[in-house]
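Each remark here refers to the structure printed beneath this line.
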Amino acid sequence: GSLVVVNGNPAISYWDGANAQLKYVRALDATGTNWGTPTTVDGAFFVGLYASLAVVNGNPAISYWDGSTNADLKYVRALDANGANWGAPVSLDTTINSGIFSSLAVVNGNPAICYEDGTNAHLKYVRALDGIGTNWGTPMTLDSAGVVGLYNSLVVVAGNPAISYNDDINGDLKFVRALDANGTNWAAVTIPDAGVQSGNVGQYTSQAIVNGNAAISYFDQTSRHLKYVRALDAGGTTWSTPVTVVGTGIVGLYTSVAVVNGNPAISYYDSLNAALKYVRALDANGLTWGAPVTLDSDTSGNVGSYTSLAVVNGYPAVCYYDLANADLKYVRATDASGTSWSIPD
């Protein structure tokens, strides 16, 4: 799922696997104690994977993959501020398998999406020509070296769009930032963490602005640990030494990073214990980290994949998938830093 605050209340876009459809649900209150009835946003068969939710010009909007015979990158925006009614979906890239790992953000006033072109294994970017996403520009290829663009995450860094993503062939975590506010021209790709152990780092990337600079949480497949790295400048040309946030077990899949009460924090999946976990840094840059907190677990099966972390009414909250019960779940902390948490819904 993808968790965002929409018109004051938390909301989630997600793929309904049972019906193979794109769905959206919004809470009836600011904390997420009670939730409305889910809305089917796109009812075609096998659509809605890799959904990314954002508020675009006041209304919620979603980028996603149409995995049916179209295999297109799609975009849809609600007709109202709460997401009760939705417009018609728009196909943005009709190259087969385009839209895998899509990430939606507002870039210089217009919606924009980064995604992987699965056919060509390239990282691509496309931005709307207007503020609501009625008309779109021509998709741009940002990286075409090998198999690139998986696990992408788009944010605006110092006014310009920037993307973190995985290079699957070389096993690298990569980052690229535009040279202008719209994303017309892009700087050279940088590598915040390389596969120095001949293994794959940079899976499940999530990006946020931490103390003014880009920061990325990700999974190091070689060490099987949760890692974090922050840029040393606004452009992301130089990076600090990557930090192993949690270094025991198989941890760090499905990461989601956000700034919580001034410090970076990460929700993630602990594969060894089949549990949803949360960890927060002890400083504003993320140099040192506290002890992980288990938010949900189930001895009968896996809980905590597809996490999305956001600050909801002042406290951190996470939406995630409970595989054991095939449920979409939501949990919110009872304090601003995430020391203690409520019972998951």
Side-chain angles (χ1 to χ4, degrees), residues 1-15 23-39 51-55 60-62 81-83 103-105 153 155 204 206-210 215 217 226 228 245-246 251-270 275-281 286 289-298 302-323 325 327-345:
S2 181
L3 174 65
V4 171
V5 175
V6 173
N7 200 22
N9 297 357
I12 305 168
S13 67
Y14 62 100
W15 186 60
K23 290 195 173 180
Y24 167 90
V25 63
R26 180 175 173 269
L28 301 174
D29 55 81
T31 61
T33 304
N34 300 291
W35 290 76
T37 303
T39 300
S52 180
L53 175 66
V55 176
I62 306 168
N82 292 341
S103 182
L104 171 67
S153 180
V155 299
Y204 301 101
S206 178
Q207 189 180 182
I209 307 304
V210 173
S217 64
L226 171 65
Y228 165 93
V245 178
V246 182
V251 292
L253 291 81
Y254 303 104
T255 77
S256 182
V257 64
V259 176
V260 173
N261 198 21
N263 296 357
I266 305 168
S267 63
Y268 63 97
Y269 175 59
D270 179 338
L276 170 70
K277 291 192 174 181
Y278 166 90
V279 63
R280 180 174 173 268
W289 292 76
V293 180
T294 299
L295 308 187
D296 196 0
S297 61
D298 190 329
N302 295 339
V303 177
S305 55
Y306 303 99
T307 81
S308 183
L309 172 66
V311 176
V312 173
N313 199 29
Y315 294 174
V318 183
C319 76
Y320 58 101
Y321 180 56
D322 178 346
L323 178 62
N325 299 293
D327 290 336
L328 171 67
K329 283 188 169 182
Y330 168 89
V331 63
R332 180 174 172 267
T334 56
D335 63 274
S337 296
T339 305
S340 59
W341 292 73
S342 61
I343 298 173
D345 295 327

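Below, each value reflects all heavy atoms present in this structure, side chains not excepted, and no hydrogens, waters or symmetry copies.
Applying the side-chain contact (heavy atoms from CB on, under 4.5 Å) criterion to Ser340, with sequence neighbours excluded, gives Thr334, Asp335. When the side-chain contact (heavy atoms from CB on, under 4.5 Å) test is applied to Val331, the partners found at least two apart in sequence or on another chain are Leu276, Leu295, Val318, Tyr320, Trp341, Ser342, Pro344. Qualifying side-chain hydrogen bond (donor to acceptor under 3.5 Å, both in side chains) partners for Arg26, counting only residues two or more places apart in sequence or in other chains: Asn82. Not a single ring pair (Phe, Tyr, Trp, His ring centres under 6.0 Å) links Tyr14 to another residue, sequence neighbours left out. Under the rule for a side-chain hydrogen bond (donor to acceptor under 3.5 Å, both in side chains), Ser13 has no partner lying at least two apart in sequence or in another chain. Ser305 is linked by a side-chain contact (heavy atoms from CB on, under 4.5 Å) to Tyr254, Tyr321, counting only residues two or more places apart in sequence or in another chain. Contacts of Thr255 classified as side-chain hydrogen bond (donor to acceptor under 3.5 Å, both in side chains), with partners at least two apart in sequence or in another chain: Ser217. By the side-chain contact (heavy atoms from CB on, under 4.5 Å) test, Val155 pairs with Val157, Gln207, Ile209, sequence neighbours left out. Annotation: side-chain hydrogen bond (donor to acceptor under 3.5 Å, both in side chains) contacts of Asn263 (sequence neighbours excluded): none.
Residue pairs meeting the salt bridge (charged side-chain N to carboxylate O under 4.0 Å, His left out) criterion with at least one member in residues 308-323, sequence neighbours excluded: Asp322-Lys329. Sorted by first and then second residue, the salt bridge (charged side-chain N to carboxylate O under 4.0 Å, His left out) pairs with a member in residues 29-39 form an empty list; sequence neighbours excluded.
Counting only heavy atoms from C-beta outward, the side chains of Pro10 and Leu3 approach each other to under 4.5 Å. Two residues are said to be in side-chain contact when any heavy atoms from C-beta on lie closer than 4.5 Å; Asn313 and Arg332 meet this criterion. No side-chain heavy atom of Leu328 sits less than 4.5 Å from a side-chain heavy atom of Trp35.
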Inset, instruction - For Val6 and Tyr24, run side chain to side chain contact (heavy atoms under 4.5 Å, CB included): C-alpha distance rounded to whole Å, both residues' side-chain angles, the deciding distance at 0.1 Å, then the answer. - result: CA-CA 11 Å; Val6 173; Tyr24 167 90; 3.5 Å; yes

Legend entry - Val312 vs Val5, side chain to side chain contact (heavy atoms under 4.5 Å, CB included): CA-CA, chis, key distance, verdict: CA-CA 7 Å; Val312 173; Val5 175; 4.1 Å; yes

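Checking each of Val245, Val279, Val246 against Val251 for a side chain to side chain contact (heavy atoms under 4.5 Å, CB included) leaves exactly one that passes, namely Val246.
Aromatic pair Trp15/Tyr306: ring centres not closer than 6.0 Å.
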